[in-house]
Amino acid sequence: MTSGRKRNVLGVLVDATDYAAATEQVVAAAQERRPLALTALAVHGVMTGVLDRAHNARLNSFDVVTPDGQPVRWALNLLHGVGLTDRVYGPTLTLHVLSRFADEGLPVYLYGSTEETLSRLIPALERMFPALKIAGVEPSKFRAVRPGEDVEIADRIKASGARLVLVGLGCPRQEVFAYAMRPLLDMPLMAVGAAFDYHAGLLRKPPPWMQRAGLEWLWRLGLEPKRLWHRYLVLNPAYLSRLFGQKTGLWKATPPAPATERPAGFAV
């Protein structure tokens with residue numbers, strides 16, 4: 001189990017952690033009934049912070065930020081010599097956490113995505129984890145939160161008896177949601193990205209060799225070129241150039257202080 005302090009990757013504070021340590025942090029927060037916000041960031045997630053200082057500050061307030069992509073793990077090793085041997089991939093971390101929650105009898109709440117995706121996801125999770133308790137399910141509204149609606153959502157989640165919220169709204173909406181809702185909930189929130197779609201069987205995973213080589217972006221670009229071309233063909237080179245700048249000292253990559261104020265509006 002590896003769990004260390006946060007390290008600066010392009011100004012975003014990322015945890016030098018592994019699956020076991022990240023899972024334990026989520027389970028402990030659930031058992032102790034305390035808030036915790038976790039996200040797993042690949043290159044795109046890191047770059048959302050680089051390009052938006054206010055969002056960077058939100059990311060730096062997260063309790064746990066795992067290196068979801070191999071390039072983020074490589075950056076931690078290159079810049080800080082942490083010696084991580086594997087990334088902490090959001091969809092896989094989700095399964096580690098759900099396995100523990102099933103064993104501990106801790107209920108979970110699924111928030112986000114579409115009704116169609118959730119209708120396929122729930123039976124898939126129940127097949128994988130027969131003892132898993134799903135306390136509630138709520139699809140995304142695909143709009144901005146209305147006045148007072150955040151409290152209503154939090155009340156529904158708490159009334160369900162859930163001890164964990166999995167948030168599948170897509171990056172960076174899910175991170176803003178988790179950040180905004182953390183003060184209203186006494187449980188962990190995990191921004192899990194494409195985990196809902198993967199585990200519902202709606203997205204095909206790349207071969208293991210592509211994942212190990214950090215080429216998952218190429219696989220996803222091939223599946224959704226119109227939607228993802230900017231994310232990968234523009235942001236990937238920008239990430240590499242900034243990583244070079246931070247490593248050589250040409251760019252200080254100073255992390256902003258963690259945010260403390262809740263956003264006035266966010267996607268639900």
Enquirer: Tell me, do Y109 and L166 make a side-chain contact under 4.5 Å, heavy atoms counted?
Expert: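 Sidechains of L166 and Y109: no contact.
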Enquirer: Under a 4.5 Å side-chain heavy-atom rule over Ile, Leu, Val, Met, Phe, Trp and Tyr, are L41 and L13 clustered together?
Expert: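 L41 and L13: separate clusters.
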Enquirer: Restricting to pairs with a member in residues 39-80, which pass ring pair (Phe, Tyr, Trp, His ring centres under 6.0 Å), not counting sequence neighbours?
Expert: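 Found none.
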Enquirer: Is there a side-chain contact between P91 and D68, using heavy atoms and a 4.5 Å cut-off?
Expert: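 Result yes, sub-4.5 Å side-chain heavy-atom pair found.
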Enquirer: Looking at every heavy atom in both G45 and L59, which two are closest together, and how far apart are they?
Expert: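 Taking G45 first and L59 second, the nearest heavy atoms are O-CD1, 3.9 Å.
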Enquirer: Could you report the tightest heavy-atom contact between A267 and F177, atom names first, then the distance?
Expert: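 The answer is O-CD1, 3.6 Å.
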Enquirer: Quick one: does M190's side chain get under 4.5 Å of T39's, heavy atoms only?
Expert: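 Not touching, per the 4.5 Å side-chain cut-off.
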Enquirer: Using only atom types and a distance under 3.5 Å, with no angle test, would you say the side chain of E104 pairs donor to acceptor with the backbone of R100?
Expert: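 Answer holds: no.
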Enquirer: If you define the side chain from C-beta out and look only at heavy atoms, does anything of W209 sit under 4.5 Å from L215?
Expert: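 Touching, per the 4.5 Å side-chain cut-off.
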Enquirer: Return yes if some donor-acceptor pair links the side-chain N/O of N77 with the main-chain N/O of L84 below 3.5 Å, else return no.
Expert: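 Pair found, side chain donor or acceptor close to backbone of L84.
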Enquirer: Would you indicate whether the side-chain heavy atoms of V165 and L110 approach each other to under 4.5 Å?
Expert: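 No, side chains not in contact.
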Enquirer: Any side-chain heavy atom of R34 within less than 4.5 Å of one from L36?
Expert: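 They are in contact (side-chain heavy atoms under 4.5 Å apart), so the answer is yes.
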Enquirer: With the side chain counted from C-beta on, respond yes when R163 and R33 share a heavy-atom pair under 4.5 Å apart, and no when they do not.
Expert: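 Counting from C-beta outward, R163 and R33 do come under 4.5 Å.
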Enquirer: Donor-acceptor pair, distance only, cut-off 3.5 Å: does the side chain of S241 make one with the backbone of A238?
Expert: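 A pair under 3.5 Å: yes.
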Enquirer: Using modelled atom types and a 3.5 Å cut-off, is there a donor and acceptor pairing between side-chain atoms of R146 and backbone atoms of A144?
Expert: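 Checked: no pair found.
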Enquirer: How far apart are the closest heavy atoms of A257 and A57, and which atoms are they?
Expert: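 It is O-CB, 3.4 Å.
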Enquirer: For the residue pair R182 / S61, report whether a side-chain donor-acceptor contact shorter than 3.5 Å exists.
Expert: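 A donor-acceptor contact under 3.5 Å links the two side chains.
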Enquirer: Can you find a heavy atom in the side chain of Y19 that is under 4.5 Å from one in the side chain of D86?
Expert: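 They are in side-chain contact.
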Enquirer: side-chain contact (heavy atoms from CB on, under 4.5 Å), that's the test. Do L240 and N236 meet it? Break it down for me.
Expert: CA-CA 6 Å; L240 292 174; N236 282 8; 5.6 Å; no
Enquirer: Locate the shortest heavy-atom distance separating R173 from L169; write the atom from each residue and the value.
Expert: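 Answer, listing the atom of R173 first, then L169: NH2-O, 2.8 Å.
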Enquirer: Say whether, by atom type as modelled, one donor and one acceptor occur between the side chain of N8 and the main chain of A253 under 3.5 angstrom.
Expert: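 Yes; judged by distance alone, with no hydrogens or angles, the pair exists.
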